[in-house]
Amino acid sequence: MPSETLWEIAKAEVEKRRCHGSDGDGMEIGEKSVFFIGSKNGGKTTIILRCLDRDEPAKPTLALEYTYGRKTKGHNTPKDIAHFWELGGGTSLLDLISIPITVDTLRTFSIVLVLDLSKPNDLWPTMENLLQATKSHVDKVTMKLGKANSKASSEMRQRMWSVMQKDHPDRELIDPFPIPLVIIGSKYDIFQDFDPEKRKVICKTLRFVAHYYGASLMFTSKSEALLLKMRGVINQLAFGIDKSKSMCVDQNKPLFITAGLDSLCQIGSPPVPDSDIGKLQAHSPMELWKKVYEKLFPPKSTSTLKAIQDPARDPQYAESEVDEMRVQKDQILSNVKMGPGSHPRCWGDTEHTLA
């Protein structure tokens, strides 16, 4: 009888892991995934490199990038593996969110949302679009998981609420994100020079959003102390290391709030005069905070915020020789389309890109 091929062995191993990892017995799988999303040029790659102890310059993320790290918990024990995914392009490549988050990986997934504090006008739309797109996809995958393994799906829902103590006064007022979420405000070194009133609005708003979603919140910069704190938070997601219980809510200092430790009472009401709150028509607390925030930091127009959809045309990836060849190919294609006997409509309305 012929021996198994390498492909057949690999398929059998994947199936074995899938069965072992989805039996709902609560065992530690030993592999976790952390998905970094957030502001374009907000520092996601730098954070990942720092967590992996890689001393190399950060390069712009083209679309969706992957790397991994390993950590040994003890002597003669297998190394835990952490998968790091990073979505580039800010909010322009939301469709790629579905690639790393699947039924097989969902139970070990965490999200890190990195927001550029130095660009407050972009902050809310970036945060809203990315969280909504991610939550929508995770909800769909969770439904699929529930049909295949109701026990595993139930365990995920219980874990969602585990960040909030049962006697917490806000337990009925929040809506925890379906998978662990950490919000990082980057470039604090620039943010700390903002007007105090602007800092207050940004800090209170992010505290509310993080608390509402049952997320941890922290600010970071190039400061070694802040980088070490940030690394500790990421290690907790990636390798299950005990999370910190420290807390800083002083708007004159970098915020650091572990999920479940804040409260609506401590955060307070939206920073707007009581006489103006009644004029803001909102159907939910989140919508009210959004209106208050955007009153001080109106978002830029959609055309300004929209990133270049085709990375080949993005100036930061320009290469003269390649670009010249691309122009020639485009011209050839255009001539073919418009040549004798051809009709442009036969090619459809979609732009065809030559490799």
Side-chain angles (χ1 to χ4, degrees), residues 32-39 42-44 46-48 50-51 82 84-87 101 107-117 123-124 126-128 130-131 134-135 138 156-166 168-171 173-188 191 202-221 223 225-251 253-267 286 289:
K32 297 181 183 296
S33 299
V34 185
F35 193 11
F36 287 78
I37 59 178
S39 305
K44 300 183 291 296
T46 301
I47 292 174
I48 294 174
R50 177 70 183 188
C51 292
F84 292 91
W85 295 87
E86 180 187 356
L87 180 69
I101 306 177
R107 295 172 62 196
T108 60
F109 236 90
S110 301
I111 301 294
V112 176
L113 173 64
V114 180
L115 299 172
D116 188 342
L117 296 175
L123 192 148
W124 188 281
T126 297
M127 174 178 65
E128 183 178 52
L130 286 168
L131 289 183
T134 305
K135 186 176 186 300
V138 170
M156 282 194 61
R157 286 194 294 270
Q158 292 177 12
R159 192 160 63 244
M160 274 170 46
W161 287 97
S162 64
V163 298
M164 187 72 66
Q165 295 182 356
K166 292 184 177 181
H168 196 290
D170 302 335
R171 192 173 175 83
L173 304 174
I174 68 169
D175 184 17
F177 208 71
I179 54 179
L181 171 66
V182 171
I183 300 176
I184 295 179
S186 64
K187 303 184 182 179
Y188 177 78
F191 172 78
I202 295 173
C203 288
K204 292 190 66 171
T205 300
L206 288 179
R207 284 181 63 187
F208 171 80
V209 172
H211 184 60
Y212 180 81
Y213 283 122
S216 295
L217 171 66
M218 67 170 300
F219 288 174
T220 190
S221 68
S223 161
L226 292 180
L227 288 172
L228 285 174
K229 277 191 172 184
M230 177 271 301
R231 181 176 176 177
V233 171
I234 304 302
N235 278 340
Q236 191 276 322
L237 296 177
F239 301 107
I241 299 173
D242 292 340
K243 58 185 178 183
S244 171
K245 296 293 185 180
S246 64
M247 184 171 177
C248 178
V249 297
D250 186 347
Q251 69 184 46
K253 298 179 181 179
L255 297 183
F256 189 94
I257 307 169
T258 303
L261 297 185
D262 213 342
S263 69
L264 294 176
C265 181
Q266 294 180 65
I267 297 171
M286 183 66 73
W289 279 87

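Residues take their numbers from the sequence shown, with the count starting at 1.
Residues I257 and V249 meet the side-chain proximity criterion, which asks for heavy atoms closer than 4.5 Å. With contacts defined as side-chain heavy-atom distances shorter than 4.5 Å, the pair V112/E86 does not qualify. Looking at heavy atoms from C-beta onward, V209 lies in side-chain contact with M286 at the 4.5 angstrom threshold. Counting heavy atoms from C-beta outward, V114 and I37 have side chains that stay 4.5 Å or more apart. Counting heavy atoms from C-beta outward, D170 and H211 have side chains that approach closer than 4.5 Å. The closest side-chain heavy-atom distance from L264 to I174 is not below 4.5 Å. Looking only at side-chain heavy atoms (C-beta outward), L217 and T258 stay at 4.5 Å or farther from each other.
Put simply, the side chain of R171 gets close to the backbone of M164: a donor and an acceptor are under 3.5 Å apart. S216 places a side-chain N or O within 3.5 Å of a backbone atom of A259 that can act as its donor or acceptor partner. With K44 contributing its side chain and S39 its backbone, the two residues share a donor-acceptor pair below 3.5 Å. S186 places no side-chain N or O within 3.5 Å of a backbone atom of G43 that could act as its donor or acceptor partner.
Annotation: side chain to side chain contact (heavy atoms under 4.5 Å, CB included) contacts of F191 (sequence neighbours excluded): L117, Y188, F194, R199, I202, C203, F219. Remark: Y213 pairs with F177 by the ring-ring contact (aromatic ring centres under 6.0 Å, His included) rule, at least two apart or across chains. Judged as a side chain to side chain contact (heavy atoms under 4.5 Å, CB included), and not counting sequence neighbours, the contacts of S223 are S221, A225, L226. With sequence neighbours excluded, the residues satisfying side chain to side chain contact (heavy atoms under 4.5 Å, CB included) with V138 are I101, L106, T134, T142, P178, I179. Residues that satisfy the salt bridge (charged side-chain N to carboxylate O under 4.0 Å, His left out) test with K229, not counting sequence neighbours, are absent from this structure. With sequence neighbours excluded, the residues that form a side chain to side chain contact (heavy atoms under 4.5 Å, CB included) with Q266 are R207, M247, D262, S263.
Aromatic pair W85/F35: ring centres not closer than 6.0 Å.
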